[in-house]
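Since the model is a prediction, treat every value here as computed from it, not as a measurement. Reckoned from all heavy atoms, side chains included, excluding hydrogens, waters and symmetry mates. Chain naming here is simple, since letters A, B, ... match the order of the sequence lines and numbering starts at 1 in each.
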There are 2 protein chains.
Amino acid sequence: MSDGTLATHAGRPTLEEVARVAGVSRATVSRVINGSPRVSADVLAVVEKAIAELNYVPNRAARSLVARATMSIALVVPEDAHRFFGDPYFADVVQGISDRLDDSDYVLNLQLTHPSSPSEKTRRYLLGGNVDGAIVVSHHSGDHFLTTLSRALPVVFGGRPIGEAAKDSDYYIDVDNRLGAVAGTQHLIDRGRRAIATITGPPDMPASVDREQGWREALRAAGLPDHRVAHGDFTEAGGIRAALTLVDTYPDVDAIFVASDLMASGALLALEERGLRVPEDVAVVGFDNSKYATRGKVGLTTVAQPAQEMGVVMADTLLRLLAGEAPPRVTTLDTHLVIRDST
Amino acid sequence: MSDGTLATHAGRPTLEEVARVAGVSRATVSRVINGSPRVSADVLAVVEKAIAELNYVPNRAARSLVARATMSIALVVPEDAHRFFGDPYFADVVQGISDRLDDSDYVLNLQLTHPSSPSEKTRRYLLGGNVDGAIVVSHHSGDHFLTTLSRALPVVFGGRPIGEAAKDSDYYIDVDNRLGAVAGTQHLIDRGRRAIATITGPPDMPASVDREQGWREALRAAGLPDHRVAHGDFTEAGGIRAALTLVDTYPDVDAIFVASDLMASGALLALEERGLRVPEDVAVVGFDNSKYATRGKVGLTTVAQPAQEMGVVMADTLLRLLAGEAPPRVTTLDTHLVIRDST
DNA sequence: GTGAAAGCGCTAACAG
DNA sequence: CTGTTAGCGCTTTCAC
């Protein structure tokens, strides 16, 4: 304990100790750790042995300090926790992000923020250089702070960001919502339906707008009317309300293209409530291909989007940005129709 | 650019620059930042002004390095993302944790891991001193690595941990599952039910075991039989299967105490499928008081547990542990019965 | 190929 | 109350 030169301590081993054990300099150990080619084979072996013996793990803080990088990225969720966790779409996206990051040295910092105004702490955190980049996952994006965030650090959005502040230098991953909606609606048309309604998402989300537009396009191309519209909010309860409104307002409706499975799930409940059979009386197409599509008694035909892959690509895009590469600014993944019992 | 003494740089301001602008030493600035009382009012003002002007934010890495603390805590989710995000209970817990942490200097690192075996990266991360503490949220806890984790750093569990490795030095937040189950079952008895079954959770989770035990106790105390048991897995589909088994095996069943709302939601579906009315033919009591309790056509009577508050307390307990305090090792929150239409 | 030395931005004794 | 002096653990020129 009073040894003046060789203190035996309990804490985690440092690079210096590894160097001592291996009988080399710290610089060499550092080279080994960082996979530098300028190390001879035998020295490499000795150092690696010492690392293994001591169970050495580099100190992140020290590394960050000199590298001027935090090696962590923020997962910003500008959404009520219930809306977020309640939607299987997000579960997949997060899983994808997490999966991709597992292969990197970055870690994920969860930032749950109020949709319309991130807390002061979150703002400072994000702007204060505490993360190297951020991934913003939400359908929403009218928020000023968030659209402005990309001026301060690399940001990748899940879904096309909107708002006056959205710059065309923003990176985002999206699916072709319009085309997916066209496919879903066209399927309804092909099934012989003629009075096709839609339940949209909130008007301030690009995904909502694009899906509604796709629905409209398909209808117009077929010479069918496109006035049967009800607005939802991407929740099951909202789907119930919208479907009720729809069947009450347009008793002749024989099909509904719903902008999300969760809302479609609600619509199915509402139709049953009104004594309408699916698909006999009313055919229903959802969007997402989430677990809600197979949860009810009637399997939901739906426009599948590769949510998990979107998460992977979001993370990958950010990683490439951080690596100084030039990933595509916009990545659009494909949707495909999954046909079940509801049509 | 070739100015040898006063370089004007673009990067974030450092403490040193603040000191220069304020005309004081770095130590003084550091004192101001850390709220030391040993600073005169006027100096304080000058420094704060400089900080504001420069928009200075302390460098986390540098701070961590000297403080030997990362100021970040891990949120370990040893669960499939779908199971996790699909259960509103977790949404509330995470929201609570996030809320509590918002009032602290700690940030949350999300660690999605495979239930049975965390990735090598996660292990190294958790054990490598990259976080100051961890919160493990899951019903599961038989996993060896996780129960062993508390030997390496402060850990707080959501729900009582089990397994041979669980030490009685583990910190955890829980509700009194047994008592809650007793209350739910007693309510059924009070309603005049006599053939009361139960749908349990997985047998490897303490919450499942305790709730089943509570159900059994209430029944025995009332001199009622306790053999009508079916096992579920805390998913809706599992609830459907279990309920079907139950009514087919025991046609006389007139009530079911279900260990979670999600499963109860499935049970409701199954009962309807079998043409049984709720509550006339079969009364149902759930557990959680999550959104699933009010989602279906019949409101679910359920044992409410304060999920969000549990999250708050989990975070709070860990924070106190990190602060060197001695928070209660076990915190048990109360449940209460919420009566709706299903009983 | 390897080591010596300097420094990332901050905090913490220790003087004064 | 305030400044000076050392590092925290790591990477990185720059010599050899």
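Regarding A:Met71, its CE atom lies at a distance of 21 Å from the P atom of C:dC8, rounded to whole Å. Remark: P of C:dT2 and CG of A:Leu15 are 15 Å apart, rounded to the nearest angstrom.
We find the OG-CG distance between B:Ser72 and B:Asp132 to be 6.0 Å, quoted to the nearest 0.5 Å. Interatomic distance, CG of A:Leu318 versus CZ of A:Arg100, reported as 10.0 Å (0.5 Å rounding). Interatomic distance, A:Met314 CE to A:Tyr172 OH, rounded to the nearest 0.5 Å: 12.5 Å. Taken from CD in A:Glu309 to CD1 in A:Ile173, the straight-line distance is 10.0 Å, to the nearest 0.5 Å.
Picking from D:dC10, C:dG9, D:dG3 the nucleotide with the shortest atom distance to the side chain of A:Thr14 gives D:dC10. Nearest nucleotide to the side chain of A:Arg68, out of C:dT11, C:dC8, D:dG3: C:dC8.
The phosphate of D:dT11 has neither OP1 nor OP2 within less than 4.0 Å of any side-chain N or O from A:Arg26.
Paired with B:Ile73 under the rule side chain to side chain contact (heavy atoms under 4.5 Å, CB included), one option of B:Leu153, B:Leu322, B:Asn109 passes, and it is B:Leu322.
Near DNA chain C, meaning a heavy atom under 4.0 Å away, there are no residues from residues 54-62 of chain A. Within residues 28-43 of chain A, the residues that have a heavy atom under 4.0 Å from DNA chain C are, in order of number, A:Thr28, A:Arg31, A:Arg38, A:Val39, A:Ser40, A:Val43.
Panel note: side chain B:Asp316, backbone B:Val312; no donor-acceptor pair is recorded below 3.5 Å.
Contact between B:Thr317 and B:Pro327 at its shortest, heavy atoms only, is O-CG, 3.7 Å. Pairing each heavy atom of A:Ala315 with each of A:Leu101, the nearest pair is CB-CD1, 3.8 Å.
Projected onto DNA chain D by closest heavy-atom contact, B:Ala27 and A:Arg63 fall at different nucleotides, the more 5' of which corresponds to B:Ala27.
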